[in-house]
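Everything on this sheet refers to the single structure shown next.
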Amino acid sequence: MTETTIAILSLARQFRYLDALRQFKISLLTIHFSHLLPTLPLLVKSSSALFLHRTTYQLHSLSVKTNSISHIHVLTSLISAYSRLRYPNLASRLFLPILPVVCYNALISGFTLNSMSDQSFSVFRLLLRNSLSFSATTLLSLLPSLLSLQFHARPVHAIVLKSGLSNDPSVGNAFLSMYARSGEVSEARKLFDEMVERNNGDLITWNAMISGYAQNSMADQVIRLYRMMIKRDDVLPDSVTFVGVLSSCASLGATDVGREVDRRIKASENRSPLSGNTFVGNALINMHARCGDLKRAREVFDSMTERTVVTWTAVISGYGMHGDGEAAASLFQAMLNSGIRPDGVAMLSVLSACSHAGMTDVGMRYFSGMTETFGVSPSVEHYACMVDLLGRAGLLKGALELIQSMPMKPDGAVWGSLLGACKIHRDVRMGEAAFSHVVELEPENVGYYVLLSNIYTDVGEMEGVAKIRRMMKEKGLKKDAGCSYIEHKQKIHLFLADDQRHPLKKDIYQTVRRLEAMVEVRGGGVGGEVRGVHSEKLAIGFGLLSTEVGMRIVVMKNLRVCNDCHEFIKLVSEIIGREVVVRDASRFHHFRDGFCSCKDFW
DNA sequence: GTCCGTCTTG
């Protein structure tokens with residue numbers, strides 16, 4: 001091998017693909033091609049990694065002309081290259097069944113990469129039929145396809161166990177995530193425990209399990225596993241871990257854990273540049289915003305050096321859910337100015353911000369310009385959001401007309417938005433119409449029954465309430481239990497309505513009663529004995545007992561706050577002179593000095 | 001030569 005050959009190979013191995021290609025081109029002028037032949041596979045890899053179509057073709061035809069294509073390594077690299085360039089059919093034309101397993105692997109991976117799961121599986125069957133034995137690489141390339149073909153992980157896993165390949169951690173990890181992705185979380189956990197036990201697991205094993213839980217909405221398990229992880233000294237969390245943990249903190253509203261992660265990320269600055277990681281930054285923004293700390297979310301946003309559309313979306317929806325539509329809209333504008341095009345999710349975040357802030361005209365303008373100005377065609381979700389926006393503003397007829405004009409079939413969320421608007425504006429007849437659609441599309445969704453029932457209650461049509469109750473009974477549906485919780489010293493204190501289980505129960509009820517008495521003096525309603533004590537009141541009572549004077553109290557709630565409690569908390573915020581923040585199912589309410597940031601509009 | 005196992009936004 002010449003010095004030049006070695007130089008080219010080493011450049012490519014250091015991922016300096018462009019340098020490798022340039023070096024090759026220059027060398028061709030002085031050195032005979034035959035000396036450079038050993039560099040062909042890595043050159044092909046370099047050109048395809050850089051998505052240089054023409055260069056890849058040229059290398060291909062050079063291989064043909066010089067008869068190098070008969071070299072298996074060259075052929076393998078070309079199969080892989082065409083797959084990467086999204087020409088799986090060209091790749092498969094180069095393939096022959098007599099080739100060695102690596103070529104099968106390249107093709108299997110090529111089809112997987114191009115979402116051609118059937119073809120990927122066929123090549124694997126061909127491999128078995130030709131009595132070739134597969135490798136770990138084969139499995140890693142094949143499993144994603146099997147998953148999308150809805151194969152069960154277990155039988156495949158059983159076969160692989162016999163092959164001995166499952167001792168390879170990456171194969172174990174692949175199966176672990178296959179179990180998790182197909183919803184078999186406990187199987188995934190079993191495999192995880194075995195791997196950790198056999199000392200066969202690594203950082204990726206932990207990450208796969210953490211994100212497996214996250215994908216299955218098991219946020220509490222994510223936090224538990226993370227706590228286990230940081231106690232160990234054989235594994236250190238990285239950016240992927242933090243992203244998974246942070247998204248769970250966000251959905252739970254686990255502020256303390258989230259802040260601990262934030263500190264850890266900041267502290268890690270010297271070891272590895274975690275704070276410069278865009279994924280981590282995005283996750284942090286989302287976590288802080290959804291835990292109620294918009295200020296810190298903004299600080300993270302401001303500190304970021306690279307901002308993707310996801311970054312902007314996270315901060316825009318942050319302001320949106322806290323009711324600051326102006327800020328959301330101006331950030332959206334800033335995003336456009338910075339040259340980033342919105343995608344469907346970004347549009348949704350700004351539309352929803354407008355909706356929550358009552359910025360009807362602005363929202364309508366964004367919506368009508370979606371296709372032309374922003375290049376995003378409205379999906380059913382955007383329509384649902386617009387129905388919400390029009391409906392909240394009291395334009396119920398306009399909302400209905402929008403639904404009737406939709407180019408696609410309205411789904412449950414669309415009719416549900418209309419139903420929600422009918423609740424705000426107490427429109428029984430249109431509410432019934434919306435309900436009749438939604439009950440057909442999502443007969444199991446309890447929330448909609450409750451909404452209509454509440455409309456009946458609000459206007460005093462008690463026979464309607466009874467009718468809904470009968471319907472629910474017939475279908476065996478039960479109201480979701482409302483619960484509220486508050487985090488204190490890394491522990492979640494959760495309350496149901498009339499909850500009697502908390503150790504501080506006596507003090508909590510006493511506090512709530514005292515607040516109710518003070519509210520009544522000011523002419524406020526307290527819901528009272530008939531309805532019992534809603535969970536948010538208990539959480540606020542606990543918050544008052546457990547936090548320092550003057551600190552704000554942050555409560556998370558699974559359902560929407562009811563009217564009575566909303567009025568109650570407004571007055572409480574005035575009485576105690578503290579800010580009370582409630583995150584309910586749809587947004588944040590900041591109660592201060594007798595007012596709520598939602599302007600009674602939620 | 002083949003490789004992919006983990007990652008954020010509504």
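Note: hydrogens, waters and symmetry copies are ignored here, and every other heavy atom, side chains too, is used.
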Nucleic acid contacts - residues 129-140 of chain A versus DNA chain B, non-hydrogen atoms under 4.0 Å: A:Thr137, A:Leu140
Side-chain donor/acceptor of A:Thr5 to backbone N/O of A:Pro38, under 3.5 Å: no
Candidate nucleotides B:dT2, B:dG5, B:dT9, ranked by approach to the side chain of A:Ser177 - the nearest: B:dG5
From B:dT8, B:dG1, B:dT6, nucleotide with atom closest to A:Val310 side chain: B:dT8
Touch class at under 4.0 angstrom, heavy-atom based, for A:Arg307 against every strand present: nothing
Parallel, tilted or perpendicular, as decided by the 30° and 60° cut-offs, for the rings of A:Phe192 and A:Trp206: perpendicular
Proximity to DNA chain B (any heavy atom under 4.0 Å), residues of residues 316-352 of chain A only: A:Ser317, A:Val345, A:Leu348
A:Phe121-A:Phe151 aromatic ring centre distance below 6.0 Å: yes
Options B:dG10, B:dT9, B:dC7, nucleotide nearest the side-chain atoms of A:Gln215: B:dC7
Give every donor-acceptor pair under 3.5 Å between a side-chain atom in residues 107-116 of chain A and any protein atom, sequence neighbours left out.
| unit_1 | atom_1 | unit_2 | atom_2 | d |
| --- | --- | --- | --- | --- |
| A:Thr112 | OG1 | A:Ile108 | O | 3.0 |
| A:Thr112 | OG1 | A:Ser120 | OG | 3.0 |
| A:Thr112 | OG1 | A:Ser141 | O | 2.7 |
| A:Thr112 | OG1 | A:Ser145 | OG | 2.9 |
| A:Asn114 | ND2 | A:Ser83 | O | 3.1 |
| A:Asn114 | ND2 | A:Gly110 | O | 2.8 |

Would you tabulate the side-chain donor-acceptor contacts of residues 87-104 of chain A under 3.5 Å, counting partners in other chains and residues two or more places apart, or write 'none'?
| unit_1 | atom_1 | unit_2 | atom_2 | d |
| --- | --- | --- | --- | --- |
| A:Tyr87 | OH | A:His53 | ND1 | 3.3 |
| A:Ser92 | OG | A:Asn89 | O | 3.1 |
| A:Tyr104 | OH | A:Pro97 | O | 2.7 |
| A:Tyr104 | OH | A:Asn130 | ND2 | 2.8 |

B:dC3 phosphate, OP1 or OP2, under 4.0 Å from A:Asn105 side-chain N/O: no
Per A:Arg84 side chain, nearest of listed nucleotides B:dT6, B:dG5, B:dT2: B:dT2
Qualifying residue for side chain to side chain contact (heavy atoms under 4.5 Å, CB included) with A:Arg129, from A:Leu126, A:Leu127, A:Leu132: A:Leu126
Touch class at under 4.0 angstrom, heavy-atom based, for A:Ser239 against every strand present: nothing
Sugar-phosphate only, base, or nothing, as touched by A:Asp202 at under 4.0 Å among non-hydrogen atoms: base
Touch class at under 4.0 angstrom, heavy-atom based, for A:Leu42 against every strand present: sugar-phosphate
Members of residues 184-193 of chain A that approach DNA chain B, where some heavy atom sits under 4.0 Å away: none
With sequence neighbours excluded, residues passing side-chain contact (heavy atoms from CB on, under 4.5 Å) with A:Ala283: A:Val243, A:Leu246
Touch class at under 4.0 angstrom, heavy-atom based, for A:Val102 against every strand present: base
Nearest-nucleotide pick for A:Pro169, side chain only, options being B:dT8, B:dT2, B:dG5: B:dG5
